[in-house]
Every structure is written in C-alpha cells, then in structure tokens.
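Structure record follows, encoded as structure tokens.
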Amino acid sequence: MKVLILGAAGQIGQMVTGDLLAQTDDNLVLFGHNVSQRLAELDSARVTFVDGDFLKFDKVRQAAEGVDAVYLSFVAKPAIITGVIDALDKAGVKRFIVANVPDLYQEVSGPFQTWYWQNTGLTWQTDLKKSADLVENSDLDYVILRIR
C-alpha cells in the first residue's frame, strides 16, 4: 500500500509516519514544508519526500497520484479542504483519512466540557466544522478520526 501524509513534518504527521514505518510495510509519500530536510533521517526506499504547500493544489494532486490513501492530521480551513478534495479527486484517490480537532461533533462531555468550551470555544460552530462537512459531502471514501 502507498500512503500520502499531508503535513508530514507536524507533530501528529510525524507520529503517524513513525507508526506506519514501524508497524506496516507501506510506502509513504511525505508532503509538507521542507520535509526532505526536516525529516531527512527517514530517508529510505519506502519514503518519498515532496516539499510543498497545501495551497499548491497541483502539487498535492501530483503527490497523490498512485497512492491508495491520503492522511491529513488536521481539518484545515474550507478553502484549503476544497482544493485538497479537488486535487485528490483529480488524482483518483478514493480513501481520505482526516484527524479532527476535539469537540468538532460536540463529543466532549462531563466535567471537562465547561473548561474546554471556555478555553477553546465552540469548535462545532467554526470553519473547522465546515471543513469536515466538505469532506463528508465529497465523493471520497473518508474517515474522520474523532479525537477525544
């Protein structure tokens, strides 16, 4: 299997990359700002680096060609998600895995809820929820990982 990790140089992207390299025999395409330098220690026959920006949707499309799945470690703003979805559609990608931010679906509950809302706001009323809606309404076979 071949997996494209968008935002691979971020903390969560690096964790996902490490886990996939350790636990699978998947080939990875690592996409992000200066990933070839920032993640140089991961250079191997299983890893391809693509230095790029999410707003360069043609570059995202090129990186997505021939991959089986794409992972994004955050739900970006709607303008970015719209462009990424279009790029993945054009590349023929069917599986899109996105990790959301907590409480996107109002799932934070109990005593922590009051603190969370006071300190982070009402996530489900932000552009992040609009972005999740775009993913859900796309033609991609998606998974939105709900972080709790």
Side-chain angles (χ1 to χ4, degrees), residues 1-109 116-117 120-148:
M1 189 157 128
K2 190 172 184 180
V3 179
L4 168 61
I5 300 176
L6 296 173
Q11 280 185 308
I12 296 172
Q14 287 185 50
M15 288 176 15
V16 170
T17 297
D19 287 347
L20 288 175
L21 288 173
Q23 299 172 21
T24 73
D25 61 355
D26 293 349
N27 292 314
L28 305 181
V29 178
L30 305 181
F31 186 101
H33 293 282
N34 301 316
V35 291
S36 61
Q37 293 172 354
R38 295 169 68 189
L39 302 179
E41 73 279 1
L42 299 177
D43 193 16
S44 75
R46 292 177 51 203
V47 174
T48 301
F49 296 109
V50 179
D51 295 321
D53 182 304
F54 292 156
L55 294 174
K56 306 290 184 196
F57 300 123
D58 284 341
K59 196 160 194 173
V60 172
R61 180 191 46 76
Q62 290 171 352
E65 289 179 2
V67 303
D68 301 295
V70 176
Y71 176 84
L72 178 62
S73 61
F74 69 97
V75 179
K77 299 290 183 175
I80 293 174
I81 286 295
T82 299
V84 168
I85 289 169
D86 184 57
L88 300 183
D89 275 336
K90 288 178 179 173
V93 172
K94 296 297 176 201
R95 183 58 136 180
F96 189 32
I97 304 163
V98 183
N100 75 330
V101 295
D103 215 33
L104 195 61
Y105 297 95
Q106 301 179 52
E107 68 271 13
V108 174
S109 61
Y116 190 81
W117 288 357
T120 64
L122 305 178
T123 307
W124 68 90
Q125 294 178 0
T126 68
D127 278 350
L128 297 174
K129 177 63 169 108
K130 292 175 188 170
S131 293
D133 292 343
L134 289 168
V135 171
E136 291 173 350
N137 291 318
S138 75
D139 291 331
L140 298 170
D141 179 14
Y142 69 89
V143 173
I144 298 178
L145 302 174
R146 296 171 102 177
I147 299 171
R148 300 206 224 185

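Here the closest non-hydrogen pair linking K129 and E136 is NZ-OE1, 4.3 Å. Between V60 and D53, the shortest heavy-atom distance links the atoms CG2-O, 4.3 Å. Contact detail for G7 and S73: the closest heavy-atom pair is O-OG, 4.3 Å. Residue Q14 comes nearest to A9 through the heavy atom pair NE2-O, 2.6 Å, listed as atom of the first residue, atom of the second, then distance. Nearest heavy-atom pair, Y142 versus R95, reported as atom, atom and distance to 0.1 Å: O-NH1, 3.9 Å. Residue V50 comes nearest to V35 through the heavy atom pair O-CG2, 3.4 Å, listed as atom of the first residue, atom of the second, then distance.
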Stepwise side chain to side chain contact (heavy atoms under 4.5 Å, CB included) test for L28 and T48: CA-CA 6 Å; L28 305 181; T48 301; over 6 Å; no
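By the 4.5 Å heavy-atom criterion applied to side chains, V84 and F96 are counted as neighbours. Taking the side chain as every heavy atom from C-beta outward, V3 and V67 never approach each other to under 4.5 Å. A heavy-atom distance below 4.5 Å is found between the side chains of F31 and F54. Here the side chains of V70 and I97 are not in contact, with every heavy-atom distance at 4.5 Å or above. Side-chain contact check for V29 versus K2: some heavy-atom pair is nearer than 4.5 Å. In this structure, the side chains of T123 and W117 stay at 4.5 Å or more apart for every pair of heavy atoms. Counting only heavy atoms from C-beta outward, the side chains of Y71 and L145 approach each other to under 4.5 Å.
Considering CG of D139 and NZ of K94, their distance stands at 7.0 Å, rounded to 0.5 Å. Taking CD1 of I85 as the reference point, atom CZ of F57 lies at 10.5 Å (rounded to 0.5 Å). Taking CZ of R38 as the start and CG of L30 as the end, the distance is 11.5 Å to the nearest 0.5 Å. Rounding to the nearest 0.5 Å places CG of N34 at 10.0 Å from CG of L39. Interatomic distance, CG of D19 versus OG1 of T24, reported as 9.5 Å (0.5 Å rounding). Between the CG atom in L140 and the CG atom in D89 there is a gap of 5.0 Å [rounded to 0.5 Å].
Panel note: side chain D86, backbone T82; no donor-acceptor pair is recorded below 3.5 Å. For the pair R61 (side chain) and L88 (backbone), a donor-acceptor distance under 3.5 Å is absent. When atom types are taken as modelled, the side chain of D51 and the backbone of S36 share a donor-acceptor pair closer than 3.5 angstrom.
Screening I12, I80, I81, I5 for a side-chain contact (heavy atoms from CB on, under 4.5 Å) involving L72 leaves a single residue, I81.
Within 6.0 Å of CD on Q11 lie no more than 12 heavy atoms contributed by other residues, nucleotides or ligands.
For the pair K130 and D127, the salt-bridge criterion is met [side-chain N within less than 4.0 Å of a carboxylate O].
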